[in-house]
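In what follows, chains carry the letters A, B, and so on, assigned in the order in which the sequence lines appear, proteins first and then strands, with residues in each chain numbered from 1.
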Number of protein chains: 2
Amino acid sequence: MTEPRWLDATQQRAWRAYVDGSAKLTELMDRDLKTRHGLSVSEYEILVRLSEAPGRRLRMAELAEHASQSRSRLSHTCARLESKGFVQRDHCPSDKRGVFCNLTDEGFAKLDRAARDHVEVVRTYLVDVVSPDDLAAIGRAFDAVRARLDRG
Amino acid sequence: MTEPRWLDATQQRAWRAYVDGSAKLTELMDRDLKTRHGLSVSEYEILVRLSEAPGRRLRMAELAEHASQSRSRLSHTCARLESKGFVQRDHCPSDKRGVFCNLTDEGFAKLDRAARDHVEVVRTYLVDVVSPDDLAAIGRAFDAVRARLDRG
DNA sequence: CGGGAATAGTTTAGATTTCAACCACGTTGC
DNA sequence: GCAACGTGGTTGAAATCTAAACTATTCCCG
């Protein structure tokens, strides 16, 4: 086995800062959304994606892709969101296997309230503490990561 | 209630790219570590932090902080890692409430093997697809996030 | 010293997530 | 047509994670 190409000290520090900082940031946002609105980050994410979709509806597979969740997980989570009245699923007429997930008015209202608080957290702990250039760099970087992931 | 300070289009794009890209990146790393080495990312993280600690041992509370996990979760995960022989817990003589978590030789060997593959993934999907400047920006940015989180 | 508050860690129960199996429908090719 | 395979989505059981309660010890302060 050949020696792996370890990261150099600079790369290592950056990687670690990211791993650590992003984990703690996500944890904070999760707790904040949960205590103030009773939503987990992944539930919130589902509502966001639906709210942006045309007609506020999306096929389950697309929603899974947009929300970065497995289909199985999405099924379970949507079942919960549905029982709370925030989404509503129905069959796709053109493909009888398919299911549309619709954001209800109640779900949209819930999202609207949650988003107002959430954006404040995103600002306070990320946007406002990072220079515009560095934020732009993050955007570029993770766009590149996504593009790379979309290939093999 | 006053109108929230929404993100502008540029900030929004950067934030979204990060949320999406980092979620998918973590998921990939988790699956990779799991299939190739039977370790989740959070188990891996625990082994990493222990390996870097003096004497390859850390108090549970410190380990929880370093690995960005709740104490409860750490207890459960360490129990599992202990049953697999990768760590070994014992009591702290100076503080009888305390517990040291030790990395075993077997755990170190496991980590060593996993890290060789893991670094390759980190390179392939992040370090190698991002410019050095952008990587440095990520480091700066998340250092700032950590610093902000450490205050209230 | 003694009692209350804080800290370290574990445990239990309940919620969520993963994994594999599964059903239903659609697509392809013969 | 129809058999084999692929896709869309759900389900149930097992693994993991969270939240709250609990034990044990230490700290603080009168």
Side-chain angles (χ1 to χ4, degrees), chain A residues 23-24 26-47 49-50 57-84 86-102, chain B residues 23-24 26-46 50 57-84 86-102:
Chain A
K24 294 194 164 82
T26 303
E27 195 210 320
L28 175 78
M29 296 191 308
D30 201 59
R31 208 179 6 255
D32 183 74
L33 273 173
K34 220 171 276 181
T35 60
R36 309 234 290 249
H37 301 279
L39 288 174
S40 68
V41 165
S42 57
E43 289 171 330
Y44 177 82
E45 206 64 23
I46 288 170
L47 301 186
R49 304 301 167 156
L50 286 176
R57 57 166 26 207
L58 233 30
R59 287 285 297 273
M60 293 298 278
E62 289 175 295
L63 183 51
E65 168 60 23
H66 290 189
S68 303
Q69 298 187 14
S70 72
R71 293 182 184 195
S72 170
R73 179 177 173 181
L74 183 65
S75 273
H76 288 297
T77 307
C78 278
R80 263 179 283 139
L81 288 174
E82 195 163 29
S83 79
K84 293 182 193 166
F86 299 147
V87 307
Q88 202 266 313
R89 283 178 288 186
D90 53 31
H91 293 286
C92 171
S94 64
D95 183 343
K96 284 177 192 155
R97 297 167 304 180
V99 170
F100 276 111
C101 188
N102 301 273
Chain B
K24 293 194 165 82
T26 303
E27 196 210 320
L28 175 77
M29 296 191 308
D30 200 59
R31 209 179 4 256
D32 183 72
L33 274 172
K34 219 169 277 181
T35 59
R36 307 234 291 248
H37 300 280
L39 289 173
S40 68
V41 165
S42 56
E43 290 171 330
Y44 177 81
E45 208 63 23
I46 289 171
L50 287 176
R57 56 167 26 208
L58 235 30
R59 289 283 295 272
M60 292 299 278
E62 290 174 295
L63 183 51
E65 167 60 22
H66 290 191
S68 303
Q69 299 187 13
S70 72
R71 291 184 186 197
S72 171
R73 179 176 173 182
L74 184 66
S75 274
H76 288 297
T77 308
C78 277
R80 262 177 283 139
L81 287 174
E82 194 164 30
S83 79
K84 293 183 194 166
F86 299 147
V87 307
Q88 204 264 314
R89 282 178 290 187
D90 54 32
H91 292 287
C92 171
S94 64
D95 183 342
K96 283 177 192 152
R97 297 167 304 180
V99 169
F100 276 111
C101 187
N102 302 273

Could you state the CG-P distance from B:L39 to D:dA15, rounded to the nearest angstrom? 17 Å
If you take all heavy atoms of B:A64 and B:L74, which pair is closest and at what distance? N-CD2, 3.5 Å
Between B:C101 and B:M60, which heavy-atom pair has the shortest distance, and what is it? CB-SD, 3.9 Å
Would you mind checking if A:K24 and B:E65 are paired as a salt bridge, meaning a charged N to carboxylate O distance below 4.0 Å? yes
The answer to which of A:S40 and A:K96 contacts DNA chain C further toward the 5' end, by nearest nucleotide, is A:S40
Show, in sequence, the C-alpha distance, side-chain angles and deciding distance for A:R59 and A:F100, and conclude whether the side-chain contact (heavy atoms from CB on, under 4.5 Å) test is met. CA-CA 4 Å; A:R59 287 285 297 273; A:F100 276 111; 3.8 Å; yes
Pairs under 3.5 Å (N/O, protein and nucleotides 18-22 of chain C):
residue : atom : partner : partner atom : Å
C:dT18  : O4   : A:H76   : NE2          : 3.1
C:dC19  : N4   : A:S72   : OG           : 2.5

In whole angstrom, give the distance that lies between atom CD of B:E27 and atom C1' of C:dT17. 12 Å
Check whether any side-chain N or O of B:T77 sits under 4.0 Å from OP1 or OP2 of D:dC17, and answer yes or no. yes
Which pairs pass salt bridge (Lys or Arg N to Asp or Glu O under 4.0 Å) with one or both residues in residues 69-79 of chain A, sequence neighbours excluded? none
Between D:dG9 atom C1' and A:E65 atom CD, what is the distance in whole Å? 16 Å
Rounded to whole angstroms, how far apart are CG on B:L74 and P on D:dT18? 12 Å
Can you measure A:R80 atom CZ to D:dT11 atom C1' for me and round it to whole angstrom units? 14 Å
Rounded to the nearest Å, what distance is computed from the NE2 atom of residue B:H91 to the P atom of nucleotide C:dT7? 22 Å
So, A:S40 versus A:S42: side-chain donor-acceptor pair below 3.5 Å or not? yes
Using whole Å, what does the distance between atom P of nucleotide C:dT7 and atom CD of B:E62 come to? 15 Å
Note: B:H66 and B:L58 closest approach over all heavy atoms is ND1-CD2, 3.9 Å
Salt bridge between A:R57 and A:E62, side-chain N to carboxylate O under 4.0 Å? no
Protein-nucleotides 4-8 of chain D N/O pairs under 3.5 Å:
residue : atom : partner : partner atom : Å
D:dG6   : N2   : A:R97   : NH1          : 2.9
D:dT7   : O2   : A:R97   : NH1          : 2.6
D:dG8   : OP2  : A:R71   : NH2          : 3.2
D:dG8   : O3'  : A:R59   : NH2          : 3.2

Rounded to the nearest 0.5 Å, what's the gap from CG on B:L81 to CD1 on B:I46? Could you check? 5.5 Å
